[in-house]
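Note on naming: letters A, B, ... go to the chains in the order of the sequence lines (proteins, then strands), and numbering restarts at 1 for each one.
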Amino acid sequence: MQEKYNHRIVEQEAQEHWASTGAFRAIENSARPKYYCLSMFPYPSGKLHMGHVRNYTIGDVLTRYHRMRGFNVMQPMGWDAFGLPAENAAMANGVPPAMWTDENIAYMKQQLQALGFAIDWDRELRTCEPAYYRWNQWLFLRMLEKGIAYQRTGVVNWDPVDQTVLANEQVIDGRGWRTGAMVEKREIPMYYLRITAYADELLAELDRLPGWPERVRTMQANWIGRSEGVEVAFPYEDGSGALKVFTTRADTLMGATYCAVAAEHPLATRAAEGNPQLAAFVEACKRGSIMEADIATMEKKGMPTGLFVIHPLSGEKLPVWVANYVLMGYGEGAVMAVPAHDERDFEFATRYGLPIRMVIASTTGAYETVAAPWIDAYAEYGVTVNSGAFSGLTFEAATDAIAAALEQKALGRKRVQYRLRDWGISRQRYWGTPIPLIHCTECGNVPVPDDQLPVLLPEDCVPDGSGNPLDKRPDFLDVPCPQCAKPARRETDTMDTFVDSSWYFLRFACPDEDRAMVDERVRYWLPVDQYIGGIEHAILHLLYSRFWTKVMRDLGLIGLDEPFANLLTQGMVLNHIFSRRNEKGGISYLTPEEVVVQHDAAGRVTGATSKIDQQPVDYGGIGTMSKSKQNGVDPQGLIEEYGADTARFFMIFTSPPEQTLEWNDAGVEGASRFLRRLWSFVYARKTTIDLGLDLRRMGTTARRDWSTAPLEHTGARREIHLNLKQAAFDMERHQFNTVASACMKILNTLERISRPVHTGELELRGTTTYLEVVTEGTEILLSLLAPITPHIAHALWRAVGFAGDIVDAPWPEVDESALAQEEVELVLQVNGKLRGNIRVAKDADRAAIEKTALDDPGARRFIDGQTIKRVVIVPGRLVNVVI
RNA sequence: GCGAAAGUGGCGGAAUUGGUAGACGCACCAGACUUAGGAUCUGGCACCGCAAGGUGUGGGGGUUCGAGUCCCCCCUUUCGCACCA
């Protein structure tokens with residue numbers, strides 16, 4: 001054993017040992033309980049960032065902990081290898097996305113291995129391999145057969161200069177990121193997956209996921225957004241049809257004073273035909289971003305169509321407006337407007353002088369009078385007024401009555417609506433799974449026959465930013481129609497990369513299966529027992545995966561309702577963001593290392609300048625570390641300087657896993673110091689532990705004979721077991737930072753135990769309990785550390801001669817008898833303020849405790865001369881004297 | 001704008017879920033050891049105050065013997081908003 005801790009030697013030896021023994025190979029064994037621990041697989045962006053280190057360290061702690069708890073553990077790893085950044089890199093460097101992706105994977109894999117994660121690398125997969133994505137294609141065709149996949153048009157961002165579809169991320173302030181051109185909306189044919197058909201089940205099953213964080217379940221429930229309401233038809237004035245709207249506030253129907261439609265609504269198109277001004281407005285609405293956040297924060301604008309509809313109950317003529325805040329993709333693309341009782345309608349009506357009619361009165365009398373000027377909308381539930389036959393009703397009664405009246409006239413009915421929309425999976429991009437369809441002028445859209453799968457993606461394309469390179473590849477495009485054999489054209493759209501990540505967790509159970517998408521090994525390993533990933537995936541990825549799992553179940557491929565039994569949502573790792581406008585009007589980012597930051601007295605950032613040119617830089621606040629914002633921190637320097645264990649310990653210690661983490665490596669010295677101290681302690685006590693282990697082998701009673709041990713030893717042992725108990729509790733609730741604290745406290749305790757003084761009779765007893773408390777304490781400490789800092793734990797475990805490998809050691813158990821105390825200390829309060837401490841026997845009754853408390857000189861000073869109203873006693877905790 | 005969270009010393013955080021606020025670290029200060037140290041060890045460290053004591057968990061109210069924790073209002077920050085992954 002080396003005297004000084006050398007992380008390079010320790011980590012290399014441990015990793016070689018695990019590799020040579022195949023320590024982390026997971027083998028199906030139905031006789032043992034399994035534990036499938038999965039961290040969200042990374043996008044191979046180039047190198048690991050701190051978010052990865054955090055994510056995979058948390059996953060590895062859970063993996064190794066459960067192994068110690070006796071589970072048959074599997075922790076696999078793969079690569080979410082398709083996606084936009086590879087195309088961007090291709091444009092910047094002229095390298096094919098496939099090559100760039102391969103190089104990144106090789107580098108990042110070596111980084112993950114250097115961190116010592118207990119991964120079964122035999123199960124590694126990458127989504128850009130035909131062996132994987134062929135099953136995306138295969139399942140898509142099954143969905144097409146079942147009607148789960150279907151085609152319709154969808155709206156995309158269109159860059160008119162590059163003649164290409166842009167991702168939302170590539171649209172900055174309404175302009176294309178490369179060209180600076182104003183982005184337009186464009187409708188194109190796309191494929192959708194009918195996730196809305198599963199809305200009810202996706203919502204209901206949330207209640208059966210107790211292992212998921214409450215907030216994720218709430219977010220998903222709100223995203224699905226089930227709402228009960230009424231569909232109302234407003235007949236067109238000319239009798240040619242009716243404008244359909246959906247409302248959750250049918251009780252306010254009698255207060256509707258106009259209707260509004262989206263710019264893309266057929267009614268708007270019709271009205272714009274003879275009205276150049278309106279046509280211009282509709283065109284203006286079609287410019288700008290398709291992002292909901294942008295649309296929702298836009299200034300509300302509108303224009304009358306000149307058309308009118310008939311109120312279905314009052315028969316009144318209501319004007320129809322085009323409004324930029326009505327979304328075509330949501331509901332019917334039209335709304336009825338009740339300005340008196342809806343904030344947005346109120347704002348719009350006030351701006352354009354549309355009538356406001358109050359039809360709901362507060363039951364508390366707060367909003368009873370009908371009076372101008374109007375200050376605000378009253379959007380609460382109340383009682384209907386000014387509503388003719390429907391007046392004087394509660395929300396429920398009014399909704400029922402109005403829905404019944406509408407139904408009688410065949411102008412409406414009660415209906416459930418979801419906020420959730422079907423999942424559009426078509427991408428007009430190269431680096432993704434080809435959608436397996438062939439377009440034939442005779443036969444239409446023809447599925448590629450199963451025996452011709454996979455449709456291989458050519459790997460030598462270099463995108464240039466204008467359109468999809470597949471459109472310029474005759475070798476890919478030109479195929480005979482599978483039905484009529486005439487020349488036809490292959491579909492060039494690829495699938496959303498969320499498809500890839502929607503089932504990879506199933507494939508890890510059987511990555512080598514080449515005859516089917518999944519096989520019977522799924523039955524053993526699934527569901528995932530613990531899934532770990534960033535909170536930013538709380539909705540989309542997790543919802544799509546749940547949906548995909550249910551589709552596969554309904555196709556008879558698996559017998560699983562939900563993929564992830566327990567979910568840990570790791571907090572984001574944040575850093576400051578700095579940027580500049582470039583000449584074209586786009587934005588270029590600077591890394592935090594490239595700037596000098598100015599702060600005010602309160603520590604807020606007031607400005608920043610570039611280190612390179614000393615010119616000012618825009619401060620963009622603090623946000624998630626990402627490649628696109630250039631604010632990531634490369635963990636490589638940390639790992640090389642301090643080693644994997646220090647990096648892992650620091651990551652775990654610095655904050656609880658679910659909490660957002662503002663990056664700051666100031667505390668890393670403390671982690672490093674702790675590991676060096678640990679090493680030195682074990683080195684110095686090696687002989688002691690040798691003797692302690694000898695005692696155990698001889699079967700002496702020292703381990704149980706604590707009643708006559710010196711107080712210092714029983715006290716130390718109590719502290720060690722208290723900390724073990726706390727650590728075990730914290731491990732279960734995933735508060736790993738305090739597990740790390742407990743390890744530090746145990747080392748502090750162990751270091752303070754003094755060697756027994758050799759004085760006569762006590763010598764032998766003192767020596768045996770000393771040997772045992774040090775041996776047992778070290779054993780516990782190394783065991784607690786094994787999941788967090790596995791390399792040093794492995795090395796020290798072997799060096800002092802504990803049995804076997806620490807990866808296979810059992811999780812230590814608390815000796816409750818070590819915690820027992822004769823006396824307990826209680827906090828003494830007077831009127832809730834701390835006035836001292838008292839010691840009482842552990843089984844003292846209330847009267848005895850009260851007497852001790854009232855006799856306490858510290859308390860007497862505050863009690864004397866006052867009337868005691870009450871004495872509150874909380875057993876084992878405190879006494880509060882109320883005067 | 002909508003949905004979801006978070007806010008505790010100079011900093012990261014703890015407080016076993018209504019019971020001693022600041023565990024464990026970082027930084028800092030003082031001392032010891034050393035030829036030297038950015039190594040190691042010992043001690044100190046919320047704020048005001050000489051002290052007694054008082055104040056204190058983003059701000060303002062409330063419930064309670066007792067509130068960081070529960071309730072109401074407000075502020076700030078982060079995440080998501082369907083083509084970043």
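For the C1' atoms, the distance from C73(B) to A23(B) is 34 Å, rounded to whole Å. A gap of 14 Å separates the P atoms of G68(B) and G7(B), to the nearest Å. Nucleotides G19(B) and G12(B) have their P atoms positioned 25 Å apart, rounded to a whole Å. C29(B) and G37(B) are spaced 15 Å apart, taking the P atom of each and rounding to whole Å. Here, C28(B) and G38(B) have their C1' atoms 15 Å apart, quoted to the whole Å. When the P atom is compared between A21(B) and C26(B), the two are found 26 Å apart, to the nearest whole Å. Taking atom P on both nucleotides, C71(B) is separated from A4(B) by 15 Å, rounded to a whole Å. Using atom C1' as the reference point in both A67(B) and A82(B), the two lie 41 Å apart (nearest Å).
In this entry G7(B) has C75(B) as its Watson-Crick or G-U wobble partner, both defining distances falling under 3.5 Å. Pairing for G1(B) goes to C81(B), judged as Watson-Crick or G-U wobble with the two contacts each under 3.5 Å. Under the Watson-Crick or G-U wobble criterion, with both distances below 3.5 Å, U42(B) is paired with A30(B).
A cation-pi arrangement is present between R835(A) and F862(A), with the terminal nitrogen or guanidinium carbon under 6.0 Å from the aromatic centre and inside a 45° cone about the axis.
In the set G25(B), C65(B), C81(B), G25(B) carries the atom at the smallest distance from any side-chain atom of R677(A). Of the candidates C79(B), A82(B), U40(B), U40(B) carries the atom nearest the R673(A) side chain, counting heavy atoms from C-beta on. Side-chain atoms of T497(A) lie closest to A85(B) of the nucleotides C26(B), G19(B), A85(B).
Place N157(A) and L878(A) on RNA chain B by their nearest nucleotides, and L878(A) ends up nearer the 5' end. Nearer to the 5' terminus of RNA chain B, by closest-nucleotide assignment, is the contact made by K300(A) (compared with the other of K300(A) and F41(A)).
Among the heavy atoms of the strands lying under 4.0 Å from R215(A) are primed sugar atoms or P, OP1, OP2 only; no base atom is included. Residue P656(A) is classed as a sugar-phosphate contact, given heavy-atom separations below 4.0 Å to backbone atoms only. Using a 4.0 Å heavy-atom cutoff across all strands shown, S655(A) reaches sugar-phosphate atoms only and no base atom. Nucleic acid contact class of T624(A) (heavy atoms, under 4.0 Å, all strands): sugar-phosphate only. Residue-level contact check: H537(A) touches the bases, meaning some heavy atom is under 4.0 Å from a base atom. In this structure, V882(A) reaches the sugar-phosphate backbone alone: every heavy-atom distance under 4.0 Å involves primed, P, OP1 or OP2 atoms, never a base. Nucleic acid contact for E662(A): none, since no nucleic acid atom lies under 4.0 Å from a heavy atom of the residue. Residue contacts shown for A293(A) include a base, since a base heavy atom lies under 4.0 Å away. Contact annotation for N880(A): base contact, defined as any heavy-atom pair under 4.0 Å involving a base atom. Counting non-hydrogen atoms under 4.0 angstrom, R870(A) reaches a base of the nucleic acid. Contacts of Q428(A) with the nucleic acid, taken as non-hydrogen atoms under 4.0 Å apart, include base atoms. Using a 4.0 Å heavy-atom distance criterion, Y43(A) is classed as a sugar-phosphate-only contact. W423(A) comes within contact range of no nucleotide atom at all, as no heavy-atom separation falls under 4.0 Å. Nucleic acid contact class of L84(A) (heavy atoms, under 4.0 Å, all strands): sugar-phosphate only.
Heavy atoms from other residues, nucleotides or ligands lying under 6.0 Å from NZ of K301(A) number 12 at most.
In summary, the aromatic rings of W423(A) and Y544(A) are positioned with their centroids under 6.0 Å apart. When ring centroids are compared, H576(A) and Y619(A) come within the 6.0 Å threshold.
Screening D496(A), T433(A), D493(A) for a side chain to side chain donor-acceptor pair (under 3.5 Å) with R427(A), the sole residue that qualifies is D496(A). Each of Y43(A), Y133(A), Y132(A) was evaluated against F82(A); a single residue qualifies, Y133(A), per the ring-ring contact (aromatic ring centres under 6.0 Å, His included) test.
Between Y504(A) and F41(A), the angle of the ring planes stays under 30°, which puts this pair in the parallel group of the 30/60° scheme.
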